[in-house]
Amino acid sequence: MLTESTILHNGVKMPWLGFGTFRIESGEITKNAVLEALRIGYRHIDTAKVYENEKSVGEAIKESGIPREDIFLTTKVWNTDQGYEETLKAFNKSLEKLGTDYLDLYLIHWPKDKNIETWKALEKLYKEKKIRAIGVSNFKIHHLEELFKETEIIPMVNQVECHPQFPQNELKAFCVKHKIQLEAWGPLMQGKIFDKTLIKELAQKYQKTIAQIALRWQIQRGVVVIPKSITPSRIKENSEIFDFTLSNEDMELINSLEGDRIGPDPDKITF
Ligand code: NDP
């Protein structure tokens with residue numbers, strides 16, 4: 001079922017499958033893509049201030065007629081808005097653009113120098129019940145450990161690059177230990193997954209598509225996924241991952257694929 005959910009460490013339900021909106025142009029393109037996802041049954045949308053499409057995401061949610069409380073909505077505080085006061089301001093701007101008075105999940109988009117102050121602002125907003133869950137993105141183990149030392153609340157989610165070529169096994173184990181839900185961005189390797197021979201073979205074996213194998217592998221290993229597509233047939237295809245199970249052997253085979261990240265290393269970002 002498309003709304004199958006994980007339960008975060010504070011008891012909030014988060015659907016395993018969400019809809020990503022990175023690089024979707026604001027305006028009609030975003031609005032139509034989000035409306036299509038909601039029509040098909042997605043109830044979890046991921047955006048960010050820096051995607052510049054929060055307004056269109058908000059419009060789609062309104063236009064869908066689906067009650068706001070039935071949708072799990074995530075946005076993120078951008079790097080240049082880090083800091084206590086700056087984050088509080090950025091949060092209000094995001095709410096305004098999204099046309100909502102609360103968020104389901106607010107994430108620190110990338111680890112930067114002001115993680116601690118930024119996190120304290122998120123804690124304040126969480127305690128005021130303006131956000132149902134707070135989390136981080138692109139945090140490595142050392143970033144999380146630094147945060148633990150100086151703040152009160154353990155993040156509920158860590159959204160990181162994660163796909164068969166970069167399964168994040170060590171970080172995943174660390175997150176499981178601390179009850180932090182791992183969430184995969186780029187679960188289709190931003191379109192590059194389609195050349196992987198093993199995934200192609202498994203797609204044949206299970207009579208599913210390459211995208212469905214890659215997404216199913218994630219939810220089966222306990223990782224939330226947020227594939228992005230502006231193509232209606234793919235939006236539907238990516239949602240059809242709850243009607244089959246990969247065998248333990250095939251899960252292991254995918255786990256053993258080797259490679260590296262395709263996106264920036266969080267310790268080396270310059271933006
Ligand atoms: P994805 O791995 O979701 O790949 C998206 C690409 O795959 C698009 O080109 C899309 O094409 C294509 N695609 C989608 N479904 C299919 C399919 N079934 N068959 C063939 N091609 C397909 O990459 P993203 O980077 O978008 O990651 C997902 C989401 O994660 C983002 O949208 C964003 O919300 C979040 N994210 C977060 C980051 C962070 O730093 N926290 C960084 C990057 C992403 P098309 O649209 O043309 O159909």
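Every value quoted in this text rests on a predicted model; they were computed, and no experiment measured them. Just so you know, ligand 1 is whichever comes first in the structure, and atom 1 is the first atom listed for that ligand.
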Discussion item. Does Glu4 have more than 12 heavy atoms from other residues, nucleotides or ligands lying within 6.0 Å of its CD?
Written reply: yes

Discussion item. Looking at Lys13, I want to see if its NZ is surrounded by more than 12 non-hydrogen atoms of other residues, nucleotides or ligands under 6.0 Å.
Written reply: no

Practice prompt. Not counting sequence neighbours, list each pair that qualifies as a salt bridge (Lys or Arg N to Asp or Glu O under 4.0 Å) and has a residue in residues 198-207.
Written response: Lys205-Asp250

Discussion item. Which residue in the set Asp104, Leu107, Thr47, Thr21 passes side chain to side chain contact (heavy atoms under 4.5 Å, CB included) when paired with Thr74?
Written reply: Leu107

Worksheet, complete the sentence: By chain and number, the residues contacting ligand 1 below 4.0 angstrom (heavy atoms only) are Gly20, Thr21, Phe22, Asp46, Tyr51, Lys76, His109, Trp110, Ser137, Asn138, Gln159, Trp185, Gly186, Pro187, Leu188, Met189, Gln190, Gly191, Phe194, Ala211, Ile226, Pro227, Lys228, Ser229, Ile230, Thr231, Arg234, Glu237, Asn238

Item to complete: Examine Arg132 relative to Tyr126 and say whether NZ or CZ is less than 6.0 Å from the centre of the six-membered ring and inside a 45° cone about the ring axis.
Response: no

Worksheet item: So, Trp185 versus Phe22, ring centres under 6.0 angstrom or not?
Response: no

